[in-house]
Amino acid sequence: MAIATVSILGLQPAHPVAIRPLAGVRVASVASLHSGVSELRQRAVPTASPTLAPVAAAPAAPVAARPAPVQPAPPRPPAPPVSPVGGAAGVQVSLVNQDRTASGVAALAYSASLARVAQYRAQDMLNRNYFSHYDPSTGQLAFVQLLHLWGIPYSSAGENIAWSTNPSMADINTMFMNSPDHRANILKGAFHRIGVGVASNGAKTMVVEVFSN
């Protein structure tokens, strides 16, 4: 079982995650970003840190060369349909709001828009067999890319992700709450909305929580 979290302020986070141990569980976290300036902490863990492929610099074009044709933008991923909250996602939303109420924080409103982002993220990680806040094909924060592509406004947003071979929403929520970074996202007073995505292939289940103001 593994979990990871990220919380951002602003529009252009672009730094790799920092790694910290959590009772034998691999946890990735990134500190809040303010106007492109971040404070990241890095600690060694037993498993290898996630890496991003370096960006190759484009060679300078000869003076007489014609400009290269502009490559078309990649197609916008279609937003998955999301029905009214229910099932495992509904259980997770309820557990998050129970934790907020117990801590004296206002409950989060369910957002179908954020749920689409969360569901796409859960299914995409499952389909492409990766586990990261960063899209391996772009090196960018994947959920932020989707917020932009689908025109979902925000000024503060966060994401918790987890996977398990023996999923239980209660166990995953407990694991989140036992991690300071994940707990901070769940209990953050500046967040007012939540969407949850759950995807399974029978062997592994992905759970994604997306928060925003």
Could you pull out all residues at least two apart from [X] that satisfy side chain to side chain donor-acceptor pair (under 3.5 Å)?
X: S113; answer: none
X: D124; answer: R128, Y130
X: S103; answer: none
X: S137; answer: D135

Open item on the list: Among N185, N160, N173, which residue satisfies the side-chain hydrogen bond (donor to acceptor under 3.5 Å, both in side chains) criterion with E209?
Closed with: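 Only match with E209 under side-chain hydrogen bond (donor to acceptor under 3.5 Å, both in side chains): N160.
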
Task: Intermediate values then yes/no, side chain to side chain contact (heavy atoms under 4.5 Å, CB included), L114 and I152 - done: CA-CA 8 Å; L114 295 183; I152 302 171; 4.2 Å; yes

List in chain and number order the residues that pass side chain to side chain contact (heavy atoms under 4.5 Å, CB included) with [X], two or more places apart in sequence or in another chain; answer none if no residue qualifies.
X: N213; result: Y154, S155, S156, H192
X: A88; result: M169, V198
X: T101; result: none
X: S94; result: Q98

Which atom of [X] lies closest to which atom of [Y], heavy atoms considered:
X: M125; Y: F131; value: SD-CA, 4.0 Å
X: F143; Y: A157; value: CE1-CB, 3.9 Å
X: A89; Y: V196; value: CB-O, 3.7 Å
X: Y110; Y: A112; value: CE2-N, 4.0 Å
X: Q119; Y: G197; value: OE1-CA, 3.4 Å
X: S200; Y: L126; value: C-CD2, 3.4 Å

Task: Geometric class of the W150/Y120 ring pair [parallel <30°, tilted 30-60°, perpendicular >60°] - done: perpendicular

TODO: Indicate if V105 and M177 have the same hydrophobic cluster label, given that clusters are the connected sets of ILVMFWY residues with side-chain heavy-atom separations under 4.5 angstrom.
DONE: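 Result: no, two separate clusters.
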
Hey, are the side chains of [X] and [Y] touching, using non-hydrogen atoms and a 4.5 Å cut-off?
X: V207; Y: W163; answer: no
X: N178; Y: R183; answer: no
X: V210; Y: I194; answer: no

- [ ] May I ask you to decide if I186's main-chain N or O and R100's side chain share a donor-acceptor pair within less than 3.5 Å?
- [x] yes

TODO: Go through V96 and L108 one step at a time and tell me if the side chain to side chain contact (heavy atoms under 4.5 Å, CB included) criterion holds.
DONE: CA-CA 8 Å; V96 166; L108 297 168; 3.9 Å; yes

- [ ] For the pair R121 and E159, evaluate side chain to side chain contact (heavy atoms under 4.5 Å, CB included) and give the outcome as yes or no after the intermediate values.
- [x] CA-CA 10 Å; R121 287 277 294 127; E159 179 185 68; 2.8 Å; yes

Open item on the list: Can you tell me how far apart OG1 (T174) and CG (L95) are? Round to the nearest 0.5 Å.
Closed with: 8.0 Å

